[in-house]
Visitor: 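To start, I am sharing the structure in question, which I have written as structure tokens.
Atoms within each ligand, like the ligands themselves, are counted from 1 in listed order. Computed from heavy atoms alone, side chains included, the values below leave out hydrogens, waters and symmetry copies.
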Amino acid sequence: MQYQALLIKYAEIGVKGKNRYLFEDRLVSRAAAVLKKVPGRFRVYKSNGRIYAMAAEPFELNEAVDALQHVFGISGICPLVQQAVVGPEELVKAAVAYFTGAHPNFSGSFKVMATRANKSYPWDSNEINRKVGEALLQAAPASHVDVHGPDILFRIEVRERLNFYSETIPGLGGMPLGGTECGMLLLSGGIDSPVAGWMIAKRGVKLEAVYFHAPPYTSERAKQKVVDLAKLVAAYAGPIRLHVINFTDIQLAIYDTCPHDELTIIMRRYMMRIAEHLAKENGAQCLITGESIGQVASQTVQSMVSTNEVCTLPVFRPLIAFDKQEIIDLSRKIGTFETSILPFEDCCTIFVAKHPVTKPNAGIIRRSEEKLLPGINELVAKALETEEIIDCE
Ligand code: ATP
Ligand code: MG
């Protein structure tokens, strides 16, 4: 079946007001951006409250759908056959040709649902429904009509052109990107943080990312893995600027000076401080991490209280109540899992204590951190000065 266009459906909840056109324009430009990479020379445009992607040449349906399944804000994708408006008898023939082509040997139930924008068309929608229904029963004798719960809802639209479609392929949902909201994602090489970033991006928030690298304790390959993950997330979230911060000296200073059961929490607090600095410098309004309550000893509610204490920006932890299996399922769905499980260590796994504190006491942690002063401030300044920026898309 060769389709001419795709009808892009979006969830309307929350976009009804006067800002709706912004939502639609963002969706149009994201859809156009992803379809540029697919043969078909698509033109994406709005028309009468609809968004269409019209192909100028034949295209592979699967490729185009896959591209649109990377765009947040799309609830469904309908492959569309379009032609010039013709008279009623011709319309019935064309409808049958469409249906038998799109659903060969169909034996389930269907319902025809015609709409007319053009009220001067000789038949009204009921008549179109009836006549096309009768013709389909003859053309596909094993099928039957079910007006309440059909397997296939066959839409016929008489507009400036004639539209036929009968399939809605699910999209990702969410909100399209393109506004000014931006989050700074703490991106490690693990399973969780790419998923966390993806979830916030799904709400229309642009991402930047920061990775804390600890050479020689963490290898170049560990860094490359984070770059690869950023690219995989960028396929949905748009280009991601990755800030690579050399964290080794900071980590060693903490290791040398602080009680080892406090290493994880103090390291995490320095990561947050640096991430917040980068966020503010780069116009991000929130921090994002992949933490989930109780997943590891350092991810207790009290630890998160302690890390929140060192920053003023909100810290979003979209996975907070997810089970590990739920996170894995999502990472498989978005395609980051295989990369995440590659075996290169990230910096935290090397400097972890056997028994990290799980209920950090604010006073004790602050006193341990005071021992790092003033040297640590210079190390932080140096880490920021020597950051490496990698644009991932
Ligand atoms: P992930 O699977 O995302 O690595 P994790 O289960 O390994 O998470 P932790 O190591 O406790 O959990 O890290 C918690 C969060 O802190 C991560 O999800 C990430 O947001 C951030 N984080 C940890 N290590 C780094 C790092 N080296 N660079 C940037 N962010 C990090
Ligand atoms: Mg990790």
Side-chain angles (χ1 to χ4, degrees), residues 183-200 207-215 217-219 221-230 232-233 240-248 250-251 254 263-279 284 286-304 306-308 310-311 315-320 322-328 330-332 334 336-353 356-358 360 383 387-388 390 392:
M184 182 62 70
L185 170 65
L186 283 84
L187 182 61
S188 69
I191 295 171
D192 307 325
S193 43
V195 176
W198 182 89
M199 285 180 74
I200 297 295
L207 299 179
E208 293 220 6
V210 51
Y211 166 58
F212 297 94
H213 188 41
Y217 304 97
T218 53
S219 63
R221 286 165 81 192
K223 182 172 107 185
Q224 186 56 44
K225 177 179 162 184
V226 174
V227 172
D228 293 344
L229 285 169
L232 290 170
V233 176
I240 296 176
R241 172 158 285 194
L242 176 66
H243 303 260
V244 179
I245 297 288
N246 187 326
F247 204 52
T248 312
I250 296 169
Q251 231 165 357
I254 298 170
L263 288 182
T264 308
I265 188 74
I266 294 176
M267 268 173 349
R268 191 58 47 77
R269 281 159 62 102
Y270 273 95
M271 285 185 184
M272 293 299 236
R273 288 180 173 107
I274 292 171
E276 172 161 279
H277 180 94
L278 290 171
C286 61
L287 305 179
I288 304 161
T289 79
E291 290 160 297
S292 151
I293 300 172
Q295 196 189 85
V296 289
S298 59
Q299 295 184 14
T300 60
V301 175
Q302 289 91 334
S303 301
M304 295 181 218
S306 176
T307 45
N308 279 11
V310 301
C311 38
V315 183
F316 294 156
R317 300 176 170 94
L319 304 176
I320 198 71
F322 278 36
D323 294 344
K324 191 73 190 184
Q325 191 57 48
E326 293 172 305
I327 302 171
I328 289 173
L330 200 44
S331 80
R332 283 189 198 280
I334 69 176
T336 52
F337 183 73
E338 297 303 327
T339 304
S340 286
I341 59 172
L342 294 173
F344 317 117
E345 309 264 300
D346 68 25
C347 58
C348 300
T349 43
I350 288 155
F351 288 93
V352 285
V357 280
T358 53
E387 72 164 335
E388 182 189 359
I390 303 174
C392 303

Visitor: How does L185 reach ligand 1, by side chain, by backbone, by both or by neither, if only non-hydrogen atoms under 4.0 Å count?
Guide: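 Within the 4.0 Å criterion, L185 makes no contact with ligand 1.
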Visitor: Is there at least one pair of N or O atoms, one from P194 and one from ligand 1, spaced under 3.5 Å apart?
Guide: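 No: no nitrogen or oxygen of P194 is under 3.5 Å from one in ligand 1.
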Visitor: With sequence neighbours left out, write down each residue that passes side chain to side chain contact (heavy atoms under 4.5 Å, CB included) with I200, or none if nothing qualifies.
Guide: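 Counting only residues at least two positions away or on another chain, I200 forms a side chain to side chain contact (heavy atoms under 4.5 Å, CB included) with V205, I288, F316, P318.
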Visitor: Between H213, Q251, R268, H243, which one has a non-hydrogen atom sitting closest to atom 13 (O) of ligand 1?
Guide: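 Among H213, Q251, R268, H243, the closest heavy atom to atom 13 (O) of ligand 1 belongs to R268.
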Visitor: Q224: what forms a side chain to side chain contact (heavy atoms under 4.5 Å, CB included) with it, not counting sequence neighbours?
Guide: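 Partners of Q224 under the side chain to side chain contact (heavy atoms under 4.5 Å, CB included) test: V227, D228.
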Visitor: Which one holds for V226 and ligand 1: side chain close, backbone close, both close, or neither close, with close meaning a heavy atom under 4.0 Å?
Guide: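 No part of V226 is near ligand 1 at this cut-off.
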Visitor: Does M271, backbone or side chain, put an N or O under 3.5 Å from an N or O of ligand 1?
Guide: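 Among all N and O atoms of M271, none is under 3.5 Å from an N or O of ligand 1.
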Visitor: Evaluate S193 for polar contact with ligand 1, using N/O atom pairs at a separation under 3.5 Å.
Guide: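 Yes - when backbone and side-chain N and O of S193 are compared with those of ligand 1, one distance drops under 3.5 Å.
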Visitor: So is there a nitrogen or oxygen of L186 less than 3.5 Å from a nitrogen or oxygen in ligand 1?
Guide: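 Yes, since at least one N or O of L186 sits under 3.5 Å from an N or O of ligand 1.
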Visitor: Considering both backbone and side-chain atoms of T289, is one of its nitrogen or oxygen atoms within less than 3.5 Å of a nitrogen or oxygen in ligand 1?
Guide: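 No, no N or O pair falls under 3.5 Å.
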Visitor: Which is closest to atom 5 (P) of ligand 1 by heavy-atom distance: V195, D192, L287?
Guide: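 Among V195, D192, L287, the closest heavy atom to atom 5 (P) of ligand 1 comes from D192.
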Visitor: Among S340, A222, G290, S188, which residue places a heavy atom closest to atom 18 (O) of ligand 1?
Guide: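 Considering heavy atoms of S340, A222, G290, S188, the nearest to atom 18 (O) of ligand 1 sits in G290.
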Visitor: Donor-acceptor check, side chain of K223 to backbone of H213, threshold 3.5 angstrom: yes or no?
Guide: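 No; zero donor-acceptor contacts below 3.5 Å.
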